[in-house]
K.L.:
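I have a structure I would like to understand better, so I am pasting it below and will then ask my questions one at a time.
In what follows, every chain begins at residue 1, and chains take the letters A, B, ... in the order their sequences are listed.
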Amino acid sequence: MKLTRLTALVLALVMALSMLTVAQSEEKPSTWISDELVEIRIMRDENPSQPITTDNIKLQAIEELLNVRIIVEAPPKASYADKKSVLIATDDMPDIMFVSHSDVQTYARDGMFVNLSEYKDQMPNLFAVLAANPSTATLTIDGSYYAAPGIQRINPDARRSGQLVNIRVDLLEKYNIPTPTTWDELYEAILTIQKNEPGLVGMTNRKGGSTTATRKMMDCMAYPLGSSSSMYYDEDLGGVWVYGPAHENFKAVLTYLNKCYAAGVLDPDYAVMTKDLWTEKFSSGNAICTIDNDGVVRNFNVALQTVDPNAEIAVIPTLTNTLGQTRNFYADENKLGEAWVISASSEHIDVCVKFLDWCYSQQGADVNGYGKEGVTFDYVDGKPVIKADLLAQYAANGSTASYDIQSALGIGLLDISPYFDTGAQNQMEIYMMGSAEAIAEYRALVASIYADTNLRAPVQNPPLTAEQTERINELSLAVENIIWQEVDKYITGQEPIENYDKVIEAARKAGAEEMEKIYNEAWAALLGK
Amino acid sequence: MAIKEGGVSRKAFNIFNYVFLFLLMVVCLYPLYLQFIISISHGLEVMKGGITLLPRNVTLATYRAILRGDLFMYMKNSIIYTVVGTAVNLFMSCLCAYPLSRRTFSGRRFFTAMVSVTLFFGGGMIPMYLTVKQFDLMDTMWALILPGAISTYNMIIIRTAFQSIPDSLVESAQLDGATDLTILWKIVIPLSKATLATMLLFYAVSHWNSYFDAMLYINKKELYPLQIMLRNMLIGGQLAEETEMVGSSAASFATTDATLRAGTIIVSTLPILIVYPFVQRHFVKGVMVGSIKG
């Protein structure tokens with residue numbers, strides 16, 4: 001067939017246009033951080049509540065967006081410390097590793113981790129988030145950031161929690177007791193309830209993760225009662241760092257707890273409590289009050305209400321202590337104790353730097369918190385919202401639903417999410433509440449905790465030099481040995497409270513005073529910057 | 001135990017014996033039974049506590065939740081490591097024990113002494129890790145099998161059992177033209193079955209229970225043994241004390257951490273419980289054979 005000139009011209013044009021289109025489609029997407037597909041190994045611990053999946057939709061989304069394939073290694077939380085130590089000791093770290101801030105303090109100076117401050121110009125997102133969270137300045141080592149900390153991007157459904165005073169409000173109502181506003185009123189309220197309902201445990205607690213039950217109780221109660229169980233920043237003492245148990249104010253804590261113990265208001269088993277026993281006491285309606293994580297305690301209502309439909313355990317506003325202070329901390333919304341480091345021996349430092357920075361971008365937080373746009377979430381009024389069919393699918397899993405959905409999608413705080421957003425978990429929880437009334441009640445409760453102005457932001461420890469860190473480790477061991485073998489004696493009344501002065505003196509001599517000096521100097525150095 | 005007629009004191013002793021052993025049995029079995037009844041009770045009832053003898057509000061929700069997870073993948077891995085590992089252990093231990101048991105083997109004392117040194121001194125965790133890495137065994141099942149292919153203690157017990165076989169038997173086989181391998185395979189091993197069955201149990205239980213090597217040398221979840229997951233559930237759960245979920249309804253508490261823990265313990269204990277009775281009868285005999293002669 002003979003082609004006319006015109007036909008040939010049209011065909012040539014069509015061919016040229018189609019080639020142009022192909023060329024355009026082959027142009028790399030603007031979001032890519034590497035021209036070639038790069039594999040980077042990232043390791044973090046696996047929380048048993050949320051198994052980490054190594055082939056999920058989030059990882060696919062990251063590969064498409066960044067041209068980076070993430071190889072996830074997730075040793076179990078129970079063995080993570082050992083694994084981490086071996087990898088650091090053998091210099092066989094993955095490209096990016098999840099460590100604790102104390103690891104950063106220990107190893108950064110040895111050159112194990114990349115100094116992120118040297119890459120500041122390549123990490124605009126990370127450094128913008130750090131600047132927006134001034135308390136992260138406490139994480140620097142000799143003025144530099146060696147790790148990207150866990151920072152929360154607050155979403156509209158986020159809840160604030162803390163070691164708050166939780167009490168059976170139905171029993172207060174039943175015996176016409178006004179909501180306590182002071183710790184002494186709380187004592188009287190529990191005593192009144194116990195007189196009417198003998199056999200109920202007054203104030204109880206649980207064993208901590210890796211600490212004793214007494215220590216955990218002190219971690220929760222010492223600050224609101226006027227002191228602290230360890231080194232802390234006390235605004236009421238004029239803004240100084242104080243080693244709580246070696247300070248005069250700690251006697252106020254012990255005096256109050258001793259009064260409770262003597263009257264039977266404090267659980268006689270407080271020193272040997274476990275998490276399971278604590279759960280049992282509240283779920284079966286046998287306990288009145290606990291100072292602990294309000295989110296965990298609120299769950300007891302479900303079991304409690306099968307025993308008594310009117311029963312309810314709820315948070316009350318911050319109480320005034322015997323020193324006249326009305327104070328408590330809310331739990332830090334960030335995870336500054338958690339750190340993401342890049343191995344100095346990584347072959348892909350540049351890609352890791354870009355990837356870590358991307359995690360702190362809005363897109364990074366959306367992907368790490370909600371998965372893949374259009375597949376697992378959509379934007380509603382500009383905010384990411386998990387698709388309803390996914391929520392319905394995982395709701396069937398019951399009490400593990402919020403962790404199951406995050407596990408399957410590879411998202412959330414317990415996965416690879418340095419700049420984390422708890423939105424998916426919050427949306428799952430709210431979805432499972434069902435009725436509008438329950439959701440409204442929940443939102444009111446969350447709002448009341450945000451509204452409690454006596455709940456203060458926790459203050460992070462100041463950054464210490466290598467010598468200071470070593471000295472603090474040395475001293476704290478000696479001081480803690482003195483303190484924690486004595487505390488129970490004063491709570492149970494085996495020793496009169498006056499004798500605690502001797503413990504304070506011994507602890508200060510053993511190093512508490514020097515520890516305070518080191519912290520205050522480090523704090524002054526930080527503020528001076 | 002045969003009860004002879006007559007003798008009040010003997011009867012009293014037997015009654016005491018049966019009662020005591022029955023109580024001992026209860027003490028041993030009750031923890032397992034408790035985990036079982038917790039695993040089939042409703043989570044809310046477990047939260048309230050007080051489950052001691054019978055399950056309450058029976059549900060299989062826990063087992064349904066366990067089946068949704070990767071438990072069977074981990075269990076399959078554990079079974080592979082146990083079967084292959086134990087086979088390698090027995091094979092290598094016999095190969096090492098046989099020459100050391102023969103008096104005709106020159107240098108026997110020297111090699112026995114060298115092997116015995118490892119009972120008291122080890123290379124340590126870091127050198128072992130580097131060795132495994134240099135042999136390219138990381139993330140393979142061989143990392144869990146080859147470094148511990150021979151347990152010196154078990155090998156010495158096998159050697160002692162092999163030594164109890166008379167030299168004359170070995171010599172007569174040699175006169176008939178049998179090679180060392182034939183003698184080992186056709187005479188020595190068949191005569192040491194009881195000891196080998198015991199060693200099989202020792203090795204198998206050790207493989208089934210081990211988690212530390214897997215934690216060090218395995219990074220891929222699909223290669224993890226069951227014990228890694230179990231340990232994480234039991235210990236990691238305590239470490240992660242602040243994980244919680246709020247605002248759930250009563251129905252959603254059919255399974256809780258406690259019921260899942262109990263169910264996992266039951267499912268993971270089953271294989272060893274099933275195998276144990278078949279090997280147990282060799283157990284005492286095998287240890288005695290290996291220990292009193294030497």
Side-chain angles (χ1 to χ4, degrees), chain A residues 41 43 45-52 54 73-79 82-83 86 89-90 92 94 159 206 208-210 275-277 279-281 283-284 293 295-296 298-300 302-303 305-307 331 395 397-404 414 425 428-430 432-434 438-439 442, chain B residues 42-50 57 61 64-65 68-70 125-130 133 138-139 211-212 214-222 224 228-258 260-261:
Chain A
R41 284 168 63 212
M43 189 177 93
D45 60 344
E46 180 182 79
N47 187 303
S49 298
Q50 186 181 320
I52 289 180
T54 51
E73 294 170 5
K77 190 178 189 71
S79 314
D82 293 324
K83 178 91 180 183
V86 171
T90 54
D92 190 30
R159 59 191 157 85
R206 61 169 158 165
S210 54
K275 188 180 176 186
D276 286 345
L277 280 173
T279 303
E280 272 180 37
K281 285 183 184 178
S283 303
S284 57
N293 185 324
V296 178
R298 203 175 304 139
N299 274 340
F300 297 152
V302 183
Q305 282 159 9
T306 63
V307 181
N397 291 7
S399 63
T400 57
S402 72
Y403 291 113
D404 291 347
L414 301 179
Q425 174 168 359
M428 187 79 239
E429 288 168 350
I430 290 170
M432 291 183 72
M433 286 173 197
I439 294 171
Y442 169 74
Chain B
H42 194 282
L44 283 180
E45 298 295 331
V46 176
M47 279 176 79
K48 282 188 257 177
N57 202 353
R64 277 197 292 272
R68 273 204 307 270
D70 289 331
M125 191 165 65
I126 306 289
M128 185 63 101
Y129 179 88
L130 292 172
K133 195 180 164 214
M138 298 294 286
D139 278 331
Y211 71 90
F212 197 77
M215 183 274 293
L216 280 184
Y217 308 136
I218 304 288
N219 294 317
K220 292 179 185 164
K221 282 185 81 175
E222 55 272 25
Y224 277 161
I228 286 261
M229 191 271 275
L230 198 59
R231 186 167 185 272
N232 200 30
M233 199 171 241
L234 298 178
I235 298 174
Q238 288 168 21
L239 294 175
E241 56 173 305
E242 304 300 357
T243 48
E244 87 238 32
M245 184 186 170
V246 299
S248 300
S249 61
S252 66
F253 274 84
T255 60
T256 62
D257 280 354
L260 283 172
R261 238 174 15 225

K.L.:
Given heavy-atom pairs under 4.5 angstrom as the criterion, report whether the side chain, backbone, both or neither of B:Lys220 touches chain A.
P.N.:
neither

K.L.:
For residues B:Lys133 and A:Asp92, determine if any side-chain heavy atom of one lies less than 4.5 Å from a side-chain heavy atom of the other.
P.N.:
yes

K.L.:
Side chains of A:Lys83 and A:Met43, heavy atoms from C-beta outward: is any pair under 4.5 Å?
P.N.:
yes

K.L.:
Between B:Tyr224 and A:Pro76, is there a side-chain heavy-atom distance shorter than 4.5 Å?
P.N.:
yes

K.L.:
Give, as side chain, backbone, both or neither, the part of A:Gln50 having an atom under 4.5 angstrom from any heavy atom of chain B.
P.N.:
neither

K.L.:
Evaluate the side-chain proximity of B:Leu216 to B:Met128: yes if any heavy-atom separation is below 4.5 Å, no if none is.
P.N.:
no

K.L.:
Between A:Pro94 and chain B, with a heavy-atom cut-off of 4.5 Å, which part of the residue counts as in contact: side chain, backbone, both or neither?
P.N.:
neither

K.L.:
Heavy atoms, side chains only, cut-off 4.5 Å: are A:Arg206 and A:Lys281 in contact?
P.N.:
no

K.L.:
Under 4.5 Å from any heavy atom of chain A, what part of B:Leu260 do you find: side chain, backbone, both or neither?
P.N.:
side chain

K.L.:
With a 4.5 angstrom heavy-atom cut-off, which part of B:Met47 approaches chain A: side chain, backbone, both or neither?
P.N.:
both

K.L.:
Is any side-chain heavy atom of A:Leu414 closer than 4.5 Å to one of A:Tyr403?
P.N.:
yes

K.L.:
So which of A:Val307, A:Asp276, A:Thr90 has the largest heavy-atom pair count under 4.5 angstrom toward chain B?
P.N.:
A:Thr90

K.L.:
Against chain A, label B:Ile228 side chain, backbone, both or neither, depending on which of its atoms sit under 4.5 Å from a heavy atom there.
P.N.:
both

K.L.:
Please flag which part of A:Asp404 lies under 4.5 Å from any non-hydrogen atom of chain B: side chain, backbone, both or neither.
P.N.:
side chain

